[in-house]
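A short worksheet on the structure shown next.
The basis for the numbers below is simple: all heavy atoms, side chains too, and nothing from hydrogens, waters or symmetry mates. In what follows, chains carry the letters A, B, and so on, assigned in the order in which the sequence lines appear, proteins first and then strands, with residues in each chain numbered from 1.
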Number of protein chains: 2
Amino acid sequence: MSTPVSSIHESNDPPAARPTMQDVAHAAGVSLKTVSRVVNNEPRVDEKTRERVHQAIAQLGFRRNDIARSLRQKQTSSTIGLIIEDIANPFYSSIARGLEKVAQQYNYMLIISNSEENALRERELVNALLSRRVEGLCIVPAGTDHSYLAAELRRGTPFIFLDRPPLQLQTDTIVLDNRGGSRQAIRHLLAYGHRRIAVIQGDPRVYTGAERIAGYYETLAEHGIPCDESLIYSNCDEAQLAHQATHALMSLPQPPSAIFSTSNRISIAVLRALRSYTQQPAFIGFDDFDLADMLPTPITVVAHDPAAMGTRAAEILFARLAGSTVPFQQTIIPTRLIARGSGELPPPRA
Amino acid sequence: MSTPVSSIHESNDPPAARPTMQDVAHAAGVSLKTVSRVVNNEPRVDEKTRERVHQAIAQLGFRRNDIARSLRQKQTSSTIGLIIEDIANPFYSSIARGLEKVAQQYNYMLIISNSEENALRERELVNALLSRRVEGLCIVPAGTDHSYLAAELRRGTPFIFLDRPPLQLQTDTIVLDNRGGSRQAIRHLLAYGHRRIAVIQGDPRVYTGAERIAGYYETLAEHGIPCDESLIYSNCDEAQLAHQATHALMSLPQPPSAIFSTSNRISIAVLRALRSYTQQPAFIGFDDFDLADMLPTPITVVAHDPAAMGTRAAEILFARLAGSTVPFQQTIIPTRLIARGSGELPPPRA
DNA sequence: TTGTAGGCGTTATCAT
DNA sequence: ATGATAACGCCTACAA
């Protein structure tokens, strides 16, 4: 699986040290400051001098040390941080993409860290990033208390919370219309005649989970539908648990005529489990996913735009960096129901 | 969509400047060096002193400036860079995940940049990252000449190329077994009796594309099957072009009995196009994708492990940072054919 | 156990 | 147009 290729490592010459502006200055026979002027494209440098300096730079392979630079300049690292749960999750990678797109326009670099949903890890990462002097930080929080950021926030570092609001802290926040999305889904199922609507959800104590299940309860209540708690399965973020929940629901003496899943990952597990049943319940899932339209019964979903969360976060962040002192904003990213078929299956005729 | 929440911005007190070790030293009534000792957990500090310093740190909200630190310490930024085409693409985000997982173990941060397949942009990003003194760089190259990295490489900065080898440069490289994967796919189709096997591919001049199509040609030749160039559609990376190619193939007087797609994105576009035909050709795609097993005919693919590319890159990178001078390695990540149904459809009986 | 002096590589200030 | 000097915040080396 691995084969040696060739090597510069055989040669014994010690690698040349990295040249500094001082080295360039010597080589070009000018002062350090003149090199700095050339490197930074400052005016008022003689063309001949500039040329000589450029040659020395090329010859020595000089590259400005932005770390030293940022130390002297007013601590501008031109770097922002993003803390998410898992970059391999398409929801987060879309956020990252939106954020980085804007960051590139400002010539900022993006440091991405995965908290793995661990509050302690999250805090370590926040501290590590702040020590590195990121100029702003976007966080999909796993922790439950962000008051420790208050001092840093007052000091001027912008924090943007994504997907879930901060706790014990006031700052800019961008969330989905979780409750509204759920309401759309449940209203849709009700409109198609469903009355026994099951829910397979993750952790209802997490913000998004709480909002989504609240949308379910609210909508049922508004329509005067009594809520049957035996149709609600929680903490099914693991595929296997979602799988089991599905089978449990379908094995009830009176199975639900529709299932609502509160997330992407759960939806997929549920759909896998549902394959073994001939009588398919209606199904709607929160979050869109690739190929939802290609399944034997195309899947109706509550869709949204994760990349928009990233770009919106970036807009606010860079506005803050530019000095904006408008009040903290809560941005709500809209959801929309995409009817593809699975959500329009009618209930079985009684 | 956006509502003001509240604000610290109304208060007029200028945000406190960020305290330095010097400030802490004054507050604690000790010297700067003692603060440094406490912050870095050095021994030989009196417990009482340590306590006083900790209090001052807490009170002032001091946070060590790792930028200044890394300037004085032997330029260790504890940061590595990753340049990919698009973090929103699951292939790349999996690589990023693998890389970051290992980086976290070493307490390194990961800067991710998207080149958008633009060679110029790639080079700018490389330069920007090197100026920030990333200690190593992983690159999925878009450019066609990486000789400009030679000096930096000799100087000791490790460069790891992912998915495609560097051009005009020797360094550590990690690629998939592209050719072998294609060979598996084509042999599989041949074994099921197919003789007219179409290919819908991307740009055959890109390394991965060249290898994959070479595997196709080789395998046909080995089996003495004449190659019909009218069955090969290139440059179909755009979904719409792949779509059109599929329809063109299926409209031939003698359509192919099997289709091989050389990438993920193309596969999905092809499958969308194929939905409108009753007589389905056999199909195999390079790259696995979510829900491939859930489509009406589950999709046979050439699968591999993108996260392994990331972790392998990290292993090599950190070994180099630790001083390894073994020859450059080319690592080949294996592929495996996953037969799910679409690749086992027989050719129509003549 | 604690402190002083110097320097990392750059930019800011002020002089020439 | 060019340069000398100080400073950014911290760590290293050495001294007390």
Side-chain angles (χ1 to χ4, degrees), chain A residues 16-54 56-57 60-79 128 130-135 155, chain B residues 16-54 56-57 60-79 127-128 130-135 155 157:
Chain A
R18 220 181 277 285
T20 70
M21 279 192 181
Q22 193 61 262
D23 299 327
V24 175
H26 286 147
V30 297
S31 80
L32 171 75
K33 178 65 209 185
T34 298
V35 176
S36 173
R37 287 199 177 91
V38 173
V39 168
N40 295 297
N41 279 315
E42 287 178 33
R44 255 163 291 189
V45 175
D46 187 274
E47 262 320 307
K48 307 236 170 200
T49 313
R50 193 183 291 276
E51 187 47 40
R52 249 187 311 143
V53 171
H54 272 137
I57 287 176
L60 295 178
F62 167 80
R63 201 187 299 275
R64 181 178 64 193
N65 184 334
D66 278 354
I67 290 189
R69 174 188 171 84
S70 83
L71 183 63
R72 191 59 177 91
Q73 278 187 162
K74 49 171 266 216
Q75 324 285 64
T76 65
S77 61
S78 293
T79 303
L130 289 176
S131 282
R132 275 154 215 251
R133 296 299 189 261
V134 293
E135 294 180 38
R155 200 162 274 136
Chain B
R18 219 182 277 283
T20 70
M21 278 194 183
Q22 194 59 262
D23 299 328
V24 176
H26 286 148
V30 296
S31 81
L32 183 156
K33 178 64 214 189
T34 299
V35 176
S36 172
R37 287 198 177 92
V38 172
V39 168
N40 296 297
N41 278 315
E42 286 177 34
R44 255 163 289 191
V45 175
D46 188 274
E47 262 319 308
K48 307 236 169 198
T49 314
R50 192 182 292 276
E51 187 47 39
R52 247 187 313 144
V53 172
H54 272 137
I57 288 176
L60 296 177
F62 167 80
R63 203 186 297 276
R64 182 179 62 193
N65 185 334
D66 279 353
I67 290 189
R69 174 190 171 83
S70 83
L71 184 62
R72 190 58 178 90
Q73 278 188 167
K74 47 171 269 214
Q75 324 284 62
T76 64
S77 61
S78 293
T79 303
N127 285 328
L130 290 175
S131 283
R132 274 156 217 249
R133 297 300 188 259
V134 294
E135 294 180 38
R155 200 162 275 136
T157 307

Practice task
Evaluate the side-chain contact (heavy atoms from CB on, under 4.5 Å) criterion for residues B:Thr20 and B:Asn65: first the C-alpha distance (whole Å), next the side-chain angles of each, then the deciding distance (0.1 Å), finally the verdict.
Solution key: CA-CA 8 Å; B:Thr20 70; B:Asn65 185 334; over 6 Å; no
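Among D:dC10, C:dG9, D:dT2, the nucleotide with an atom closest to any side-chain atom of A:Leu71 is C:dG9.
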Donor-acceptor contacts, no H, no angles, side chain residues 46-53 of chain B, under 3.5 Å, sequence neighbours left out:
{"unit_1": "B:Asp46", "atom_1": "OD1", "unit_2": "B:Lys48", "atom_2": "N", "d": "2.8"}
{"unit_1": "B:Arg50", "atom_1": "NH2", "unit_2": "B:Glu42", "atom_2": "O", "d": "2.9"}
{"unit_1": "B:Arg52", "atom_1": "NH1", "unit_2": "B:Ala28", "atom_2": "O", "d": "2.8"}

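Only B:Leu32, B:Lys33, listed by number, bring a heavy atom of residues 22-34 of chain B to less than 4.0 angstrom from any atom of DNA chain D.
For the pair A:Lys74 NZ and C:dA12 P, the interatomic distance rounds to 11 Å; values are reported in whole Å.
In this model, no donor atom of one side chain and acceptor atom of the other lie less than 3.5 Å apart for B:Arg69 and A:Ser131.
Residue B:Asn65 has no polar side-chain atom (N or O) positioned under 4.0 Å from OP1 or OP2 of D:dC8. Look at A:Arg64 and you'll find a side-chain N or O under 4.0 angstrom from OP1 or OP2 of C:dT11. Residue A:Thr49 places at least one side-chain N or O under 4.0 Å from the OP1 or OP2 atom of D:dT2.
In this model, no side-chain donor or acceptor of A:Arg69 finds a partner on the base of C:dT10 within 3.5 Å. Side-chain atoms of B:Arg37 stay outside donor-acceptor range of the base of C:dT1, with no qualifying N/O pair under 3.5 Å.
Sorted by first then second residue, the salt bridge (charged side-chain N to carboxylate O under 4.0 Å, His left out) pairs that include residues 17-32 of chain B, not counting sequence neighbours, are A:Glu152-B:Arg18.
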